[in-house]
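Just below is one structure, and these are the notes that go with it.
Counting convention: from 1, in listed order, for ligands and their atoms alike. Only this structure's heavy atoms are used, side chains among them; waters, hydrogens and symmetry mates stay out.
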Amino acid sequence: MCGIVGFTGKKNAAPFLLEGLEKLEYRGYDSAGIAVLAENGIKTKKTVERIKTLKEKTDNGAQLCGTIGIGHTRWATHGAPSEENAHPHLSPDAKFAVVHNGIIENYLELKEELAAEGVSFKSETDTEVVPCLLEKYYEGDFFEAVTKAVARLEGSYALGIICTDCPDTLIAVRKFSPLIIGVSKEANYIASDVTAIVSQTKEVIYIDDGEIAVLSPEGVSFFDKDKNPLQKQISVVNWDINAAEKGGYEHFMMKEIMEQPRSVEQTVESRIHGREIIFENLKLDEGKLRHIDKIDIVACGSAYHAGVVGKYVFEELLRIPTLVDLASEYRYRNPLANSKTLTVIISQSGETADTLAALKEAKRKGAHTLSIVNVVGSSIAKESDDVIYTWAGPEIAVATTKGYSTQVAVLYLFAIWAARILKSSDEEYIESLFDSLRELPENIQKILDNSEDIKALAEKCGDPHSLFFIGRNIDYAVSLEASLKLKEISYIHSEAYAAGELKHGTISLIEEGRTVIALACYEKLFDKLLSNIKEVKARGANIIACVTEGHSAVLSEANDVIFIPQTHPLLTASLEVIPFQLYSYYVSLFKGCDIDKPRNLAKSVTVE
Ligand code: G6P
């Protein structure tokens, strides 16, 4: 999704902008551009290729001289990917340059108004109305023009703006789109997220909706929408650039897969004191928890799949009806929620537009909202009544791995915490889940240590044209994620089916040589799954089965078997996803796909 960077300092801006944009590549983009204020006006350079091209075009930024500038990676919404539509956009008099993330919903109306006043537009974007409005309202005061222009905008925006009359001043505004400010002695920065600037400074200020930041090399001032000055706190980022770089791996995805034992450990252990689970500053206390009669879990993509695991775990341990829904569906279906509802919002980025909208809808209905988020200070984290962070660190590969694993870990942790309070499940069962949860990092590591076996399996299976994942209960929940992982990075058609549904249609697609991946780790339903394996085998399927150690009955049925360490029956979800992250990675590697940046996908989907 679109990424913004901005710089005002004493050195040349362009090299910082290009480096920042490179760090934001992971968000997904189809064109990019930078604008620098040079002695004789604003100079821009754009590309519909990679940032690397922009670097080549500008001799690593050296060709654009100026100490203030803005940059952008665009993920097309209004208008195709092209240099004309790429940001930054200039006002007709070239006095202002603007980068924008979000959607200006009333742009057609504004375009009409401006066109009637004689403005002609150079792009098809919604963004271009912003520099045009700035020109319209400018009477010698940059800040004043920004406040007037912004007052006309409806929708979502994070904006970075420069003006030729104020050669040091960069103005940033935010509403429903991510934007942070980085501060240092040498320069001040804006960025869509910390990754872009963490190599320059670890001191950041989170700017809230409706606020305006005015940056110069000397400092940053903040104002609310009515121009009243604001005091903001500086936060110190607790991870460094090495955490956001590949660390010797060929791809971010593999680095992140390998980081899972550590990420899960950090997420779980930071909440455990003795045998007690403590979530800091949780407003959902015992009284409120007892009041809850329904749980809604709402998310998108893999976070939704983590939610499906959550549904099985919550219902089993808490005995509270739990619905899991896609945020894009939930937000428009007038959901049944009230003060007795706990709405659990899951999002790695904390910025997914549909998830954020669903959160607001749940709040409007009076539900208690608890978000499980990875990015500190993100919109969803800030909007929720409660937040439990997944301490996964920055996730760069578009296909999530450690993000998903830490989300599932938090769901288990939360379920144990709540089940202990509610006494809703057998004590021994809860406590053995708690013990197994603490052994999870070690068990994930055991699977990762055997990654060469999965690599060999991927090589052997080659490029199946189309395949099916089947499972029951939490095996089914994991099969959804395993299937998504494979299709998103290897472009292989794959579907996940609840194994009991096979007979209701899917089995007609099973023929000689069709690959079926059977997840059969959920102890209680192993025999049922074994029957499903036999059914597809009888029709010629090539079967890869995943089972917990000791289930050798499957050896005579499946062509290949992946064993995962034994653990608590409810916890298998956290283990059995790992081999399929690896499998997807290697299949994609052998096919030569762009693993970290799969086609058409974005890491952070900040528009609908
Ligand atoms: C995109 C990403 C997925 C992610 C989904 C939800 O589609 O590619 O990996 O699961 O967005 O993102 P979130 O940041 O809300 O977890």
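Of all atoms in ligand 1, numbered sequentially from 1 with element shown, those under 4.0 Å from a heavy atom of Thr400 are 9 (O). When each atom of ligand 1 is checked for a heavy atom of Ser302 under 4.0 Å away, the hits are 10 (O). Ligand-side atoms of ligand 1 in range of Ala303: 10 (O), 16 (O), range being under 4.0 angstrom from any heavy atom. Atoms of ligand 1 found under 4.0 Å from any heavy atom of Ser347 (numbered from 1 in listed order, with element): 13 (P), 14 (O), 15 (O), 16 (O).
Shortest contact from atom 14 (O) of ligand 1 to any protein heavy atom: Ser349 OG, 2.6 Å. Given atom 16 (O) of ligand 1, the protein heavy atom at minimum distance is Gln348 N, 2.7 Å. Given atom 12 (O) of ligand 1, the protein heavy atom at minimum distance is Thr352 OG1, 3.3 Å.
No donor-acceptor distance shorter than 3.5 angstrom exists from the side chain of Lys402 to the backbone of Gln260, with no hydrogens or angles considered. Between the side chain of His251 and the backbone N or O of Met253 there is no donor-acceptor pair closer than 3.5 Å. Here the side chain of Ser270 pairs a donor or acceptor atom with the backbone of Gln266 at under 3.5 angstrom.
When only interatomic distances are considered, the shortest N/O to N/O separation between Ala602 and ligand 1 falls below 3.5 Å. Inclusion of Thr355 in the set of residues having an N or O under 3.5 Å from an N or O of ligand 1 is not warranted.
In Lys603, the part holding a heavy atom less than 4.0 Å from any atom of ligand 1 is the backbone.
Outside the 6.0 Å centre-distance limit, the rings of His72 and Tyr29 are not counted as a close aromatic pair.
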For the pair His78 and Tyr107, evaluate ring-ring contact (aromatic ring centres under 6.0 Å, His included) and give the outcome as yes or no after the intermediate values.
CA-CA 10 Å; His78 297 67; Tyr107 84 104; 4.9 Å; yes

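Rounded to the nearest 0.5 angstrom, Ile70 CD1 and His100 NE2 are separated by 12.5 Å.
Checking each of Arg174, Lys175, Lys360 against Asp209 for a salt bridge (Lys or Arg N to Asp or Glu O under 4.0 Å) leaves exactly one that passes, namely Arg174.
A heavy-atom separation below 4.0 Å is found between Cys300 and ligand 1. At least one heavy atom of Val398 sits less than 4.0 Å from an atom of ligand 1.
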